[in-house]
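Below is one structure; the comments refer to it alone.
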Amino acid sequence: MMKLGNALLLASLAALPALALAPHALAQSGGHGYGSHSRMHAHDSRQYFDYGNPLMSSVLQSADGRALDVRLATASSMFSFLRSGDAARGAYYAIRDVTVLVTEEGNAQPVISRDRIDTIYVRTFEQSTAKNDWHTADLHMDIPNLNPKMRYAVRIEVRDDIDHLMMAPITTPLLARAYTNTPDSNGIGIGDLMLIDNMSGSEATASAHGNTYMFSRDVIASVPIQIADTLHGAPSVDVRVRQIANAINPSDTGDRGHVMLTAADLRKDQTFEFKSAGSTLTYALVPQAGKGTWTALMTIPGQKFDQGKYEITVRVQAGAAERERTSTAMIVWQGMPLSLEDPADAIEPLTHILSKEQATEIASGSKQEQVQKLYAYWKTQDPTPGTAYNERMAAFYQRVDYADFNFATSRLLNGVMTDRGKIYLLYGAPSNVDRTFVPGESPVETWTYSNNVGRIFRFEDPGHRGEYRLTNIENLALKQ
């Protein structure tokens with residue numbers, strides 16, 4: 001079998017920033033004992049890249065506790081689509097039926113419910129089955145005074161009205177609280193925190209993927225505040241961010257940031273209201289005359305935040321009165337490669353770029369210890385160490401995923417450990433692929449890299465079982 005020399009491996013991740021890698025020859029591909037993907041292979045599983053939770057939601061409660069804003073995002077893959085007679089709106093349509101209920105523990109009848117039925121349109125058949133084609137909605141609900149001694153929840157149900165199927169409902173706890181405008185009360189009401197993707201003037205957009213947000217970027221946050229007439233002047237607001245769960249290193253938690261707001265961060269007598277829907281939700285700051293309403297806007301410096309669960313505490317002072325409110329949010333890697341979900345699957349491909357001893361060391365210990373050592377290794381290769389997102393690690397495992405799902409064989413379900421899988425991992429997609437099928441001869445695939453790799457790789461399948469072996473490497477410059 002052909003082997004790759006040191007010089008070839010030093011250029012191995014040509015499409016990625018340079019890595020400090022230990023050079024190793026290309027040995028015969030096979031399992032190395034670090035785990036394997038037990039997944040069904042498809043010839044070209046590009047649809048695999050569209051995965052994730054097809055139903056996401058978040059519930060925002062107003063500062064006075066008397067209204068809810070339910071944000072919802074559903075993926076096309078949740079629904080059955082039919083052909084549409086309205087080509088201008090889309091070639092296919094589905095019917096989405098949403099029910100939101102406020103329930104009281106021990107009471108079979110909901111306190112209040114809201115229904116909404118709408119039609120979802122898509123333009124292509126591919127969109128009708130996609131898991132990353134989103135359809136958002138916002139339902140505003142006024143709610144009555146709730147008994148603070150009881151427990152309440154918001155239940156969100158989504159049905160496909162063509163197949164008459166209901167998705168698994170989402171239930172969110174709801175606090176029974178009320179802001180009162182009387183002199184003997186605290187006089188301060190704080191609503192739920194809304195994280196915003198971007199803000200332009202008086203308009204904002206939110207991804208509507210529930211309280212989960214992409215890590216390694218700063219996030220704009222908004223919170224509504226109400227102040228009693230007896231409390232004069234602008235409120236003083238500060239925000240503290242604390243990580244309470246770390247997905248990579250459970251022992252690494254604690255304070256992550258403290259933001260003090262200025263007068264420029266407060267909008268008097270304005271609050272966000274839903275404006276329009278698309279792949280994101282759009283909100284606008286609108287006047288709320290005479291209601292003692294403030295909207296506080298702040299930037300949470302999340303570029304260095306690791307994946308995990310965070311508490312965001314908003315503390316408000318107005319005169320002698322003081323109140324604080326804590327909300328939680330998940331900071332996640334949305335679209336994280338599947339091969340990173342289990343350290344065994346993530347460590348095995350490292351044998352292509354590290355020594356067996358190095359890979360064995362990372363694979364030792366408990367699963368949590370493996371995760372920490374895996375991320376510690378990639379941290380040494382991070383081209384942007386000032387942020388939590390590691391571009392090199394992401395690109396590496398995106399290639400692992402593609403190889404696993406496109407080059408798997410009956411012998412090796414983890415396709416990245418095949419010869420084609422390894423070359424794809426090291427060099428990325430070839431500039432050109434030629435396939436030759438001659439009766440009585442082995443099928444042949446020839447991969448040409450006309451970029452800076454400058455090589456041609458020849459693979460043959462002598463058993464006619466899709467188990468292509470690397471049989472030859474040529475320098476492209478020598479052929480020209």
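Here, residue 1 is the first one in the sequence, and each next residue gets the next number.
- Note: M78 CE to L165 CG = 10.0 Å, rounded to the nearest 0.5 Å.
- In this model, a donor atom of one side chain and an acceptor atom of the other lie less than 3.5 Å apart for D115 and T99.
- For the pair T136 and L72, the minimum side-chain heavy-atom distance is 4.5 Å or more.
- Formation of a donor-acceptor pair under 3.5 Å by the D161 side chain with backbone atoms of R96 is not found in this model.
- Between the side chain of T384 and the main chain of G386, no donor-acceptor pair closer than 3.5 Å is present.
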Please test K367 against D342 for salt bridge (charged side-chain N to carboxylate O under 4.0 Å, His left out), starting from the C-alpha separation and ending with a verdict.
CA-CA 8 Å; K367 180 174 287 190; D342 189 316; 3.7 Å; yes

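- Of all non-hydrogen atoms in E391 and D382, the two that sit nearest each other are OE1-OD1, 3.7 Å.
- Not a single donor-acceptor pair under 3.5 Å links the side chain of Q381 to the backbone N or O of W378.
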Let's go through K304 and D218 carefully: what are the C-alpha distance in whole Å and the side-chain angles of both, what is the deciding distance for salt bridge (charged side-chain N to carboxylate O under 4.0 Å, His left out) to 0.1 Å, and is it a yes or a no?
CA-CA 9 Å; K304 296 184 179 181; D218 292 345; over 6 Å; no

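- With rounding to the nearest 0.5 angstrom, the CD atom of E322 is 4.5 Å from the CD atom of Q317.
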List the steps, then state whether salt bridge (charged side-chain N to carboxylate O under 4.0 Å, His left out) holds for E104 with R151.
CA-CA 6 Å; E104 181 182 81; R151 293 184 179 179; over 6 Å; no

For a salt bridge (charged side-chain N to carboxylate O under 4.0 Å, His left out) check, start with the C-alpha distance between D238 and R315, then their side-chain angles and the critical distance, and finish with the verdict.
CA-CA 5 Å; D238 69 81; R315 181 170 171 268; 3.3 Å; yes

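- In this structure, R159 contributes its side chain and M166 its backbone to no donor-acceptor pair below 3.5 Å.
- Side-chain polar atoms of S58 and R71 form a donor-acceptor pair below 3.5 angstrom.
- Of the possible polar contacts, none joining the S128 side chain to the F81 backbone as a donor-acceptor pair under 3.5 Å is found.
- Looking at R325 and L193, their side chains never come closer than 4.5 Å, going by heavy atoms from C-beta outward.
- A heavy-atom distance below 4.5 Å is not found between the side chains of Y93 and D86.
- Remark: the D64 side chain and the S62 side chain contain an N/O donor-acceptor pair separated by less than 3.5 Å.
- Remark: side-chain polar atoms of D160 are paired, donor with acceptor, to backbone N or O of S80 under 3.5 angstrom.
- Remark: the D345 side chain and the S339 side chain contain no N/O donor-acceptor pair separated by less than 3.5 Å.
- For the 3.5 Å distance criterion, the side chains of T293 and T271 fail to qualify, holding no donor opposite an acceptor.
- Residues Y283 and D69 are in side-chain contact: their nearest non-hydrogen atoms beyond the backbone lie under 4.5 Å apart.
- A donor-acceptor pair under 3.5 Å links the side-chain atoms of Y397 to the main chain of A346, judged by distance alone.
- T295 has its side chain within reach of F272: a pair of non-hydrogen atoms, C-beta onward, lies under 4.5 Å apart.
- Using a 30° and 60° split on the angle between ring planes, Y92 and F125 fall in the perpendicular class, above 60°.
- Under 3.5 Å, the side chains of N198 and T205 contain a donor-acceptor pair of N or O atoms.
- With contacts defined as side-chain heavy-atom distances shorter than 4.5 Å, the pair L68/V100 does not qualify.
- For the pair P235 and L266, the minimum side-chain heavy-atom distance is below 4.5 Å.
- Checked by atom type and distance alone, the side chain of S76 pairs as donor or acceptor with a backbone atom of Q127 at under 3.5 Å.
- Between the Q370 side chain and the A363 main chain, a donor and an acceptor come within less than 3.5 Å of each other.
- Pairs passing the ring pair (Phe, Tyr, Trp, His ring centres under 6.0 Å) check and including a residue from residues 307-337, sequence neighbours excluded, read F215-W333, F305-Y310, W333-Y389.
- A distance-only check finds no donor-acceptor pair linking the side chain of D265 to the backbone of L261 [under 3.5 Å].
- Using a 3.5 Å distance cut-off with no hydrogens or angles, the side chains of Q288 and E273 do pair a donor with an acceptor.
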